[in-house]
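Note that the structure is a prediction, hence the values are computed from the model and not measured. Letters A, B, ... mirror the listed sequences (proteins, then strands); counts begin at 1.
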2 protein chains.
Amino acid sequence: MTIPDYSCPKRNRQVLLVERPSGIPRPEHFRLVETPLAPLADGQILIRNVYLSVDPAQRGWAADLRNYSPPVALGSVMRALGVGVVLESRMGGIRPGDIVYGWTGWQDYGRLDLGDVLSSTRTPRAPISAYAGVLGINGMTAWLAFGALGRPRAGEAALVSTAAGAVGSVVGQLARAEGCRPLGLTGSDAKAEACVARFGFDAAFNYKRGDWRDRLGEAAPEGIDIFFDSVGGDILDDGLRRMRTAGRVVQCGTASIASWDPPPMGLRNEREVLARRLSWSGFVIFDHQSEFSRAIAGLESLIEDGRLVYDEDIEVGIEAAPGALQRLYAGENVGKKLIFIG
Amino acid sequence: MTIPDYSCPKRNRQVLLVERPSGIPRPEHFRLVETPLAPLADGQILIRNVYLSVDPAQRGWAADLRNYSPPVALGSVMRALGVGVVLESRMGGIRPGDIVYGWTGWQDYGRLDLGDVLSSTRTPRAPISAYAGVLGINGMTAWLAFGALGRPRAGEAALVSTAAGAVGSVVGQLARAEGCRPLGLTGSDAKAEACVARFGFDAAFNYKRGDWRDRLGEAAPEGIDIFFDSVGGDILDDGLRRMRTAGRVVQCGTASIASWDPPPMGLRNEREVLARRLSWSGFVIFDHQSEFSRAIAGLESLIEDGRLVYDEDIEVGIEAAPGALQRLYAGENVGKKLIFIG
């Protein structure tokens with residue numbers, strides 16, 4: 001691979017978090033600034049970001065809630081994943097020209113410590129945008145959570161919420177590969193069609209239509225064995241009440257709940273857990289860093305074999321970042337949302 | 001062991017379910033009748049019941065809800081566990097004089113099929129009442145659920161609701177035996193004292209006192225690793241919010257919720273599952289029949305070693321049965337509630 005010829009960077013455009021959102025972050029919570037690049041310290045790498053990632057979890061990082069990671073400090077660069085090309089390395093094992101996926105932040109250039117690097121490759125087996133999506137936390141979440149917590153067995157019915165999304169579309173394809181019957185929920189008729197035509201779901205339903213509950217019931221008259229849920233709320237409550245005995249519920253997100261402060265009320269679910277003998281588990285990808293290489297290699301092979309397809313929704317220019325989460329939560333994108341700034 | 005000299009039974013007193021309760025069964029939902037005993041069929045045993053069991057799950061069996069077992073038909077004998085002495089056997093492997101624990105129903109005599117027998121012994125290692133309590137589903141639930149779903153590790157904090165009860169008191173002692181720090185919740189100061197003094201809890205709190213949340217927080221400032229819950233409701237919601245990352249929640253009952261029709265509302269908990277990476281599992285003992293002998297043998301050994309103590313609350317006479325569930329849910333008993341009719 002040819003190392004791109006990036007001239008020595010002097011100025012770094014950064015998207016700062018300047019106001020704390022209570023719900024979904026909007027453009028006014030951010031400010032785009034230009035700052036000089038600090039010199040590299042021992043153990044660091046400098047990367048030119050090519051794709052910035054836009055992830056639902058960023059809402060939690062921007063908010064000041066008890067979360068699985070501390071909130072982004074006001075006035076600092078918005079925490080974000082991204083994929084880029086190494087320009088300079090003072091970190092063992094990484095060389096200029098390597099492709100690095102990690103905690104780049106929403107900015108042109110990232111100075112990364114070892115702990116900021118989630119994966120790196122010298123020999124990409126897929127377009128580098130894939131390393132921020134289907135080979136990034138989205139695909140790895142699908143691979144690791146569906147396997148370890150979903151524990152699929154051939155013939156089982158697997159329900160996936162956000163089935164057309166960056167995680168859900170991979171879960172559907174993995175479920176198919178395991179011999180399960182994947183069923184999807186998504187937010188438009190077009191996405192429901194894509195789930196079946198492109199991602200191999202047995203059936204998929206638009207939850208904005210009034211008849212989705214009946215139609216899902218017809219598609220899985222005996223109930224659901226695995227529920228891979230990223231939305232929570234009413235859809236979760238409905239899914240729990242469809243679970244078969246000894247079913248597995250994998251909680252990978254709670255995207256339908258705009259704010260947890262104050263905590264919203266809903267149906268009590270402990271009886272479902274008990275009477276159906278469910279196993280309901282939470283999954284946060286960053287707990288599983290030691291398994292990333294294995295997950296990436298497995299996903300790369302599926303892509304090469306033509307058994308795993310993925311969509312990307314790529315916006316262009318760092319100016320798109322401040323409004324990107326609002327658009328993500330509006331559900332307009334099909335596939336992984338990225339911002340190309342390379 | 002000498003076989004008791006029971007004269008040939010002619011009349012069988014039975015407690016019938018005659019009205020369907022919507023909440024906790026009360027005396028007026030039952031009727032005590034006397035019926036002739038039908039002759040034994042091939043493959044059956046006749047047992048003279050000695051102890052009838054009173055279990056929280058009977059509320060669910062009496063109600064007409066979707067449950068993990070079908071409801072008791074109106075006009076039939078109330079489904080119940082019990083322990084008794086075999087009078088006559090046409091079942092392989094069982095002889096007169098054996099002690100049998102199983103689905104006897106609330107009646108003087110039981111004609112049991114193979115599927116009704118949960119355990120049997122010719123050489124009891126404990127008083128026979130124990131086979132309906134600490135060696136019955138209560139102790140076996142504690143042993144099997146705490147081990148397989150709680151996955152205890154030394155040093156962990158284990159919170160147990162209904163800590164002085166027939167299941168909870170065993171969980172506390174098993175947690176102690178595993179090197180965990182058992183913490184209990186119970187419904188009176190006297191029971192809280194018994195948890196510490198008799199069942200080896202590090203601390204136990206009366207949830208009817210206003211300060212239990214603060215005191216529990218002081219006892220487990222770093223949170224809870226294992227939550228063994230049998231009550232659901234507010235106490236469950238509170239416990240979930242104290243869980244440490246990767247904590248295990250074992251749902252063995254929902255005793256605090258008087259009725260699930262209509263489904264009650266509560267705090268949404270999917271965010272706790274996700275952000276704390278919980279593993280929240282339901283446990284129903286009757287799924288685990290193949291593990292019963294192993295559980296009983298392990299519990300018998302702990303009793304013989306003096307490492308497992310248990311209390312029994314024994315009422316006398318079958319006339320006590322119709323009001324026993326109401327008294328059980330009032331929380332008046334200490335230890336396993338049984339009715340002696342031998």
Between A:L267, A:V250, A:L149, A:V249, which shows the greatest number of heavy-atom pairs under 4.5 Å with chain B? A:L267

Considering all heavy atoms, the nearest A:V273-B:S281 contact: CG1-C, 3.7 Å

Note: vs chain B, highest number of non-hydrogen pairs under 4.5 angstrom among A:P263, A:A246, A:P264 is A:P264

Value rounded to 0.5 Å, distance of CZ in B:R277 from NE2 in A:H288: 8.0 Å

Hey, are the side chains of A:E272 and B:W260 touching, using non-hydrogen atoms and a 4.5 Å cut-off? no

If the contact rule is any heavy atom under 4.5 Å from chain B, which residues of residues 218-240 of chain A qualify, in numerical order? A:G232, A:G233, A:D234, A:L236, A:D237

Does A:L74, at its CG atom, have more than 12 non-hydrogen atoms belonging to other residues, nucleotides or ligands within less than 6.0 Å? yes

Would a 4.5 Å heavy-atom cut-off, applied to side chains only, mark A:I257 and B:R271 as touching? no

Drop me the distance from A:R248's CZ to B:S279's OG, to the nearest 0.5 angstrom. 12.5 Å

In short, B:C252 meets A:L274 closest at the heavy-atom pair C-CD1, 3.8 Å

What's the separation between atom CG in A:N269 and atom CZ in B:R268, rounded to the nearest 0.5 Å? 7.0 Å

